[in-house]
Peer 1: 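Just passing along the structure, written as structure tokens.
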There are 2 protein chains.
Amino acid sequence: MSEVVLALDIGGTNLKGAVVDTSGRVILAETIGADDATAEPLELVRALLARLAGRAEQSGHRLVGAGIVTPGIIDPETATVLYASTLRWTDVPLGSILSDDLGVPVAIGHDVRAAGLAEALFGASSGAAQSVLVAIGTGVAASILTSGTQVIGELSSAGELGHIPAFPHGEDCTCGQRGCLEVYMSGAGLARRYAALGGESLSAAQIVDRLPHDPLAARVWADGIEALAVGLKTVTMLLDPAVVVLTGGVSRAGDALLVPLRRQLSESLAWRAAPRVETSVLGTSGGRIGASVLAFRAANRAEVPEQWTAATLLSPRDLTAAGAPSLQTN
Amino acid sequence: MSEVVLALDIGGTNLKGAVVDTSGRVILAETIGADDATAEPLELVRALLARLAGRAEQSGHRLVGAGIVTPGIIDPETATVLYASTLRWTDVPLGSILSDDLGVPVAIGHDVRAAGLAEALFGASSGAAQSVLVAIGTGVAASILTSGTQVIGELSSAGELGHIPAFPHGEDCTCGQRGCLEVYMSGAGLARRYAALGGESLSAAQIVDRLPHDPLAARVWADGIEALAVGLKTVTMLLDPAVVVLTGGVSRAGDALLVPLRRQLSESLAWRAAPRVETSVLGTSGGRIGASVLAFRAANRAEVPEQWTAATLLSPRDLTAAGAPSLQTN
């Protein structure tokens with residue numbers, strides 16, 4: 001009876017659950033909407049995990065652990081979600097609740113930190129002891145690794161790159177602060193500024209598509225690139241990473257993002273080279289892969305993920321099962 | 001025969017050497033100018049350490065190690081100074097040179113990181129696993145501790161808080177970059193801006209003295225406070241420290257610095273509390289104390305400094321011997 005873990009990536013719109021074997025492959029997967037108004041998010045999570053656990057056992061596998069990753073403020077030590085706005089959770093001891101349900105050890109992690117861990121183990125920052133993963137989706141958050149260790153912070157709140165004051169005298173952020181990086185460079189920020197400056201209601205992806213022929217799109221995008229370059233310069237000065245890895249929906253812009261970003265970062269540095277800036281290898285699978293690593297570690301099988309490779313983790317079978325294509329489209 | 005170490009704090013103007021016993025007390029000290037045009041800095045260092053070692057042995061002590069701290073880019077693993085502009089050193093294997101001279105293990109460290117280590121062990125950030133020491137002297141540099149470990153960076157260049165883009169569209173820095181924090185808040189930056197805006201040639205301390213009755217001093221200082229508040233907000237977002245400790249000459253401004261800085265930092269944060277902001281307990285002795293810790297660790301006596309307390313490290317005897325009053329004047 002082969003051992004498996006549950007990996008759950010809680011997002012703003014979806015709960016992506018998977019059963020992962022010791023090779024890192026997804027053998028069963030189920031994704032459900034996170035915004036089911038008829039059920040509490042916690043009950044959706046418990047039901048999804050129970051279904052996956054039942055299916056895994058029916059197919060002859062033995063569940064040994066689970067890893068759950070979510071946005072918000074997570075205390076990995078106590079496996080508690082201190083605060084998660086999208087889920088409306090405050091001080092939810094998710095680890096102990098789910099461990100009671102499932103009868104196995106459960107690790108709770110921050111979604112972007114889990115993706116950063118996965119990327120550092122198997123992806124674009126593999127081999128680098130100092131790396132920063134920057135997830136540019138609706139908002140912006142970072143996972144920081146120094147000397148191979150993740151920076152969590154005193155209040156489990158490190159990595160809020162989206163809310164550094166990129167332009168201290170800049171525009172107001174929806175968070176209540178001013179000039180935040182994600183005002184300018186994030187899915188929500190790009191869409192909001194494009195509309196506020198007289199454009200239609202477009203998504204960030206649509207704005208990127210229009211770059212070649214739409215001056216307003218080009219302006220909003222240029223401001224975003226500048227804010228992100230300021231952020232990466234700040235990260236370079238403070239943390240001196242070997243590599244910065246970009247992930248999240250906006251990172252799919254590819255060269256339209258990478259080329260001007262790398263140029264501006266380099267030009268803004270006078271006396272040192274820029275760190276490498278790359279796009280993610282694991283893409284949207286990073287959260288799930290990180291959750292799988294946390295699950296095997298919680299199950300006292302930390303050696304299991306050490307054998308994994310991106311090629312296995314992102315195999316066609318995996319992608320079909322998880323329904324999660326890689327971000328790497330270019 | 002009691003065991004002692006040599007501690008040397010290499011500064012831009014002085015080389016501060018000391019013989020330190022197992023209680024952390026300075027039993028012998030000698031400070032010489034670093035800008036002796038008749039001698040290479042390396043020869044000054046070697047001669048000073050040889051004299052101190054000789055005096056220690058004559059007075060019946062046994063030398064077991066040495067710790068040298070210096071500004072610049074330091075690789076503590078190889079005990080090499082990769083680059084130090086004030087000393088005109090590039091790739092100097094200082095550890096092995098001095099170890100050959102002295103016949104004991106020699107540790108080489110970064111001066112601000114050593115002060116940060118000392119402050120975290122015995123000073124204002126004692127007990128905090130996440131802390132940032134900000135040294136505001138001629139320039140600005142930071143020592144970052146996360147989960148009790150110092151952030152060094154890929155190129156040993158982490159902690160360059162003075163060169164984050166506090167105001168990306170701001171004034172040019174002498175470093176060649178634009179809008180750097182230390183353009184606005186540093187000893188050199190304050191003096192330069194005061195003169196550039198039409199004032200006399202004054203030191204930062206003189207500018208602080210004039211705050212109550214000199215509008216230009218007040219303006220330059222306010223810009224500096226704003227830049228530093230931007231820097232601490234950035235540090236808070238990225239690293240989430242429990243405490244930020246200010247040291248260096250400008251930190252002697254006391255409440256003129258702390259009161260507006262704490263207020264601006266708090267006001268700039270919309271959804272989280274600010275970390276504590278304190279001034280250093282160890283003051284200018286921090287580099288020497290950190291060097292002593294590194295020396296005992298290099299001598300395989302890591303347990304020795306664990307017994308030290310600030311009260312002992314800053315005893316009157318110590319202060320008289322080292323000729324280094326604490327920064328804590330308020």
Side-chain angles (χ1 to χ4, degrees), chain A residues 73 83 85 128-132 142 144 146-170 172-181 226-227 229-231 233-243 267-273 275-276, chain B residues 73 83 85 128-132 142 144 146-170 172-181 226-227 229-231 233-243 267-273 275-276:
Chain A
I73 303 176
Y83 179 68
S85 63
Q130 337 285 334
S131 66
V132 176
I144 300 167
T146 68
S147 305
T149 301
Q150 282 196 304
V151 177
I152 309 281
E154 185 68 13
L155 307 173
S156 302
S157 296
E160 290 283 5
L161 180 65
H163 297 285
I164 72 164
F167 302 114
H169 302 151
D172 288 338
C173 183
T174 52
C175 85
Q177 296 180 174
R178 191 168 174 191
C180 294
L181 188 155
E226 189 187 359
V230 165
K233 180 182 176 186
T234 300
V235 161
T236 301
M237 288 293 124
L238 285 179
L239 299 168
D240 182 23
V243 55
E267 287 176 358
S268 74
L269 297 168
W271 38 269
R272 62 156 291 160
R276 287 191 292 123
Chain B
I73 302 176
Y83 180 68
S85 63
Q130 336 285 334
S131 66
V132 176
I144 300 167
T146 68
S147 305
T149 301
Q150 283 196 302
V151 177
I152 311 282
E154 184 70 14
L155 306 172
S156 301
S157 295
E160 290 283 6
L161 180 65
H163 296 287
I164 71 163
F167 301 114
H169 303 149
D172 288 340
C173 184
T174 52
C175 84
Q177 296 179 177
R178 190 166 174 192
C180 294
L181 188 154
E226 189 187 358
V230 166
K233 180 181 175 186
T234 300
V235 161
T236 301
M237 289 293 124
L238 284 179
L239 300 167
D240 181 24
V243 55
E267 287 176 356
S268 74
L269 297 168
W271 40 269
R272 62 156 292 158
R276 288 191 293 123

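All chains are named by letter (A, B, ...) in the order of the sequence lines, taking the proteins before the strands, and each is independently numbered beginning at 1.
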Peer 1: Could you state the interatomic distance from CE (Met237(B)) to CG (Leu181(A)), rounded to the nearest 0.5 Å?
Peer 2: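 Taking CE in Met237(B) and CG in Leu181(A), the distance rounds to 12.5 Å.
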Peer 1: Donor-acceptor pair, Gln177(A) side chain versus Ala270(B) backbone, under 3.5 Å?
Peer 2: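 Present.
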Peer 1: Side chain, backbone, both or neither: which part of Leu269(A) has an atom under 4.5 Å from a heavy atom of chain B?
Peer 2: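 For Leu269(A), the contact with chain B is made by backbone and side chain together.
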Peer 1: Could you go through the side chain to side chain contact (heavy atoms under 4.5 Å, CB included) check for Thr146(A) and Thr146(B) one step at a time?
Peer 2: CA-CA 9 Å; Thr146(A) 68; Thr146(B) 68; 4.0 Å; yes
Peer 1: Kindly compute the distance separating CD (Gln130(B)) from OG (Ser156(A)), expressed to the nearest 0.5 Å.
Peer 2: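 One finds 9.0 Å between CD of Gln130(B) and OG of Ser156(A).
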Peer 1: Atom OG1 in Thr236(B), atom CD in Glu160(A): separation rounded to 0.5 Å?
Peer 2: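 Rounded to the nearest 0.5 Å, the OG1-CD separation comes out at 11.5 Å.
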Peer 1: Please round to the nearest 0.5 Å and tell me the distance separating atom CD of Glu226(A) and atom NE2 of His169(B).
Peer 2: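 Between Glu226(A) CD and His169(B) NE2, I get 3.5 Å after rounding to 0.5 Å.
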Peer 1: If you count heavy-atom pairs under 4.5 Å with chain B, which of Val243(A), Leu155(A), Val132(A) comes out on top?
Peer 2: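 Heavy-atom pair counts peak at Leu155(A).
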Peer 1: Measuring heavy-atom distances to chain B, does Leu239(A) have an atom under 4.5 Å in its side chain, in its backbone, in both, or in neither?
Peer 2: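 Its backbone and side chain both get close to chain B.
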Peer 1: State, with a plain yes or no, whether a side-chain heavy atom of Arg276(A) is found less than 4.5 Å away from one of Glu154(B).
Peer 2: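 No, side chains not in contact.
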Peer 1: If you define the side chain from C-beta out and look only at heavy atoms, does anything of Leu238(B) sit under 4.5 Å from Val235(A)?
Peer 2: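 Leu238(B) reaches Val235(A) side chain to side chain.
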Peer 1: Tell me, out of Ala142(A), Ala129(A), Ala158(A), who's got the most heavy-atom pairs with chain B below 4.5 Å.
Peer 2: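 When all of Ala142(A), Ala129(A), Ala158(A) are compared, Ala158(A) has the most.
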Peer 1: Check whether any side-chain N or O of Asp240(A) sits under 3.5 Å from a backbone N or O of Gly159(B) as a donor-acceptor pair, and report yes or no.
Peer 2: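 Not confirmed, Asp240(A) side chain does not pair with Gly159(B) backbone.
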Peer 1: Counting only non-hydrogen atoms closer than 4.5 Å, does Thr234(A) touch chain B with its backbone (N, CA, C, O), its side chain (CB onward), both, or neither?
Peer 2: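 Contact with chain B: backbone and side chain both.
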Peer 1: Calculate, to the nearest 0.5 Å, the distance between atoms CZ and NE2 belonging to Arg272(A) and His163(B) respectively.
Peer 2: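 If we round to the nearest 0.5 Å, Arg272(A):CZ and His163(B):NE2 are 12.5 Å apart.
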Peer 1: With rounding to the nearest 0.5 angstrom, report the CH2 to SG distance, Trp271(A) to Cys173(B).
Peer 2: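 Trp271(A) atom CH2 to Cys173(B) atom SG measures 9.0 Å (nearest 0.5 Å).
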Peer 1: Hey, which of Ser268(A), Pro241(A), Ala128(A) has the most heavy atom pairs under 4.5 Å with chain B?
Peer 2: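 Winner by heavy-atom pair count: Ser268(A).
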Peer 1: Less than 4.5 Å to any heavy atom of chain B: does that hold for the side chain of Ala242(A), its backbone, both, or neither?
Peer 2: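 When you check distances to chain B, atoms from both the backbone and side chain of Ala242(A) fall under 4.5 Å.
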Peer 1: Who among Gly176(B), Ser147(B), Gly179(B), Ser157(B) has the most heavy-atom pairs with chain A under 4.5 Å?
Peer 2: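 Heavy-atom pair counts peak at Ser157(B).
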Peer 1: Do you know which two heavy atoms are closest between Ala166(A) and Pro168(B), and how far apart they sit?
Peer 2: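 That closest heavy-atom pairing would be O-CG, 3.1 Å.
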